[in-house]
Amino acid sequence: MFSSTPFVLTFALFLTVPLLFLIAPQILPPKQQVPLSPPINELADLSLFSKATVASTSSQRSVHSRLGTHTNPKPKIAFLFLTNSDLTFAPLWEKFFNQNKNKHLFNIYIHADPSATITPPTGVFENKFIPEAMKTSRASPSLISAARRLIAKAILDDPLNLYFTLVSQHCIPIHSFDYVYNFLFHNTLNRNDKRTKQPFSIFPNYRSFIEIISDDPNLLDRYNARGDNVMLPEVPFERFRVGSQFFTLNRKHALMVIKDKKYWKKFKLPCLNLNSCYPEEHYFPTLLSMEDPEGCTHYTLTNVNWADSVDGHPHLYTPEEVSKELVYKLRESNSSYSYLFARKFAPECLKPLMEIADDVIFRD
């Protein structure tokens with residue numbers, strides 16, 4: 001006959017073992033606390049940003065004292081090219097840079113996606129690729145990181161870089177270099193303004209040209225793209241902004257960008273709703289709007305046509321559209337100043353643009 005004794009003992013043991021874990025959890029091995037480390041690329045970025053910050057801090061006063069003297073260079077514009085393909089319009093930009101008599105009023109830096117096959121440009125663009133470049137992708141924080149790397153390299157490279165203009169491979173100039181240079185360095189804020197007592201006030205109080213919009217109808221969806229209330233407490237919804245990813249920042253604001261950790265830790269979070277997530281269009285406007293809104297014009301200098309956008313992309317100009325009338329139209333702005341750059345142009349536009357470069361584009 002089958003005996004129930006082994007079954008009873010086994011069942012009792014089955015009940016007892018879980019109870020032991022419940023009443024005596026100290027017998028379990030302690031959990032290992034594994035520290036979360038940032039990705040290797042972020043560690044490299046932090047190192048670069050730190051070097052640029054230290055270098056800028058140590059050179060600020062000497063640079064400011066030398067500006068405008070007869071024995072030292074004038075302030076410069078750092079042109080930051082962000083690309084994942086060939087610089088199709090390099091010949092047009094080369095003509096733009098060669099328009100000015102003084103060849104030492106600008107510097108060029110290129111962040112090229114290393115995963116893309118890109119033909120190295122020549123002329124003024126030769127050897128201008130920054131070695132710190134990393135892979136970028138649309139609608140991701142990688143575009144923010146790329147822009148920050150470009151800014152940091154420009155700050156570290158030349159203390160006379162006082163303006164930082166971000167453009168893409170699809171951007172073109174629509175004024176001469178001299179026009180751009182004179183416009184930027186004559187648009188200063190009131191020197192008697194109380195903000196001159198703030199850090200970095202030893203630099204001329206140049207304006208930053210960055211689009212900052214607070215009434216976009218899609219702002220709430222974009223704010224919650226990473227999850228409901230994830231941006232809190234650093235970025236409340238009423239302070240969240242949107243704007244063009246292409247800007248021209250003064251040195252003060254460029255330093256703010258590479259020194260920032262408070263807002264970056266929010267904007268680098270992965271998006272849950274990719275259809276509403278464009279970090280590069282929010283990080284810079286939000287950061288500067290929260291830190292120094294009066295120091296920004298709230299306008300961009302790069303004209304873009306969103307009238308017939310497709311899949312989140314602006315209008316792409318074709319060769320048939322290129323004309324002097326188009327150039328004049330692209331210069332028109334809702335503000336008191338003219339647009340200096342424009343996008344987005346198809347590669348095939350290079351030929352007709354070169355044909356009108358001297359007589360239209362660079363004749364102000």
Side-chain angles (χ1 to χ4, degrees), residues 36-52 78-87 109-118 128-156 164-171 210-211 221-227 230-231 234-235 240-247 249 253-254 256-288 300 302 304 311-314 343-344:
L36 295 176
S37 300
I40 296 299
N41 63 345
E42 186 159 355
L43 290 175
D45 283 350
L46 289 173
S47 176
L48 173 62
F49 301 160
S50 177
K51 290 178 182 178
F79 286 87
L80 316 176
F81 286 82
L82 179 58
T83 185
N84 59 2
S85 65
D86 287 348
L87 293 179
Y109 308 87
I110 306 171
H111 185 292
D113 188 329
S115 66
T117 302
I118 298 177
K128 301 301 181 182
F129 288 82
I130 66 170
E132 294 82 1
M134 298 181 190
K135 182 176 175 56
T136 58
S137 59
R138 183 173 176 242
S140 81
S142 63
L143 291 174
I144 300 175
S145 296
R148 296 177 85 199
R149 287 182 208 113
L150 282 165
I151 291 172
K153 286 294 291 184
I155 289 177
L156 193 60
F164 304 79
T165 295
L166 182 69
V167 292
S168 78
Q169 74 271 36
H170 302 294
C171 292
I210 178 170
E211 188 174 50
D221 286 341
R222 291 184 173 215
Y223 180 76
N224 290 324
R226 298 165 188 81
V230 169
M231 303 297 286
E234 289 81 2
V235 185
F240 190 65
R241 299 291 184 265
V242 64
S244 170
Q245 74 176 104
F246 300 103
F247 50 68
L249 301 185
H253 292 153
M256 281 185 183
V257 165
I258 65 168
K259 293 176 68 175
D260 170 59
K261 295 179 182 177
K262 177 181 178 181
Y263 305 110
W264 169 240
K265 71 179 182 181
K266 292 295 184 178
F267 282 93
K268 72 178 180 179
L269 295 174
C271 291
L272 303 179
N273 181 5
L274 297 181
N275 293 327
S276 299
C277 193
Y278 300 95
E280 71 280 6
E281 295 181 1
H282 294 280
Y283 173 73
F284 300 102
T286 300
L287 166 64
L288 295 181
T300 178
T302 301
V304 58
D311 192 27
H313 293 284
R343 62 184 288 264
K344 182 175 185 180

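Bear in mind the structure is a predicted one, so any value in this text is a computation, not a measurement.
A heavy-atom distance below 4.5 Å is found between the side chains of Phe240 and Arg222. A 4.5 Å side-chain heavy-atom check between Ser145 and Met134 finds every atom pair outside the cut-off. Contact annotation: the side chain of Leu272 never approaches that of Val230 to less than 4.5 Å [non-hydrogen atoms, C-beta and beyond]. His313 has its side chain within reach of Arg138: a pair of non-hydrogen atoms, C-beta onward, lies under 4.5 Å apart. In this structure the side chain of Phe284 reaches within 4.5 angstrom of the side chain of Ile144, judged on heavy atoms. The closest side-chain heavy-atom distance from Thr136 to His111 is below 4.5 Å.
The heavy-atom pair separating Ala133 from Pro114 by the smallest distance is O-CG, 3.9 Å. Closest approach of Tyr109 and Ile130 over heavy atoms only: CB-CG2, 4.2 Å. The two atoms that bring Gln169 and Asp86 nearest to each other are CB-O, 3.8 Å, heavy atoms only. When all heavy atoms are compared, the tightest approach of Ile118 to Asn84 is CD1-C, 4.0 Å. Taking both residues in full, the closest heavy atoms of Pro314 and Val304 are given as CB-CG2, 3.3 Å, listed atom of the first, atom of the second, then distance. Taking every heavy atom of both residues into account, Ser137 and Leu143 meet most closely at O-CG, 3.7 Å.
Judged as a side chain to side chain contact (heavy atoms under 4.5 Å, CB included), and not counting sequence neighbours, the contacts of Val167 are Phe81, Trp93, Thr165, Cys171.
One finds the CG atom of Asn275 at 10.0 Å from the CG atom of Asp221 (value rounded to the nearest 0.5 Å). The CG atom of Asn273 sits 9.5 Å away from atom CG of Asn224, with the distance rounded to the nearest 0.5 Å. From Leu80, atom CG reaches atom CZ of Phe247 across 7.0 Å, with rounding to the nearest 0.5 Å. In this structure, CG on Leu46 lies 8.0 Å from CZ on Arg148, to the nearest 0.5 angstrom. For the atom pair OH (Tyr263) and CE (Met231), the distance works out to 10.5 Å, reported to the nearest 0.5 Å. In this structure, CZ in Phe164 is found 8.5 Å from CD1 in Ile258, a value given to the nearest 0.5 Å.
Of the residues listed (Gln245, Glu280, Arg149), the one engaging Leu82 in a side-chain contact (heavy atoms from CB on, under 4.5 Å) is Gln245, and it is the only one.
Side-chain N or O atoms of Thr300 include one that pairs as donor or acceptor with a backbone N or O of Phe246 at under 3.5 Å.
Ring geometry, Trp264 versus Tyr283: the interplanar angle exceeds 60°, so the pair is classed perpendicular (tilted spans 30 to 60°).
The pair Glu234-Lys266 counts as a salt bridge, with a side-chain nitrogen and a carboxylate oxygen less than 4.0 angstrom apart.
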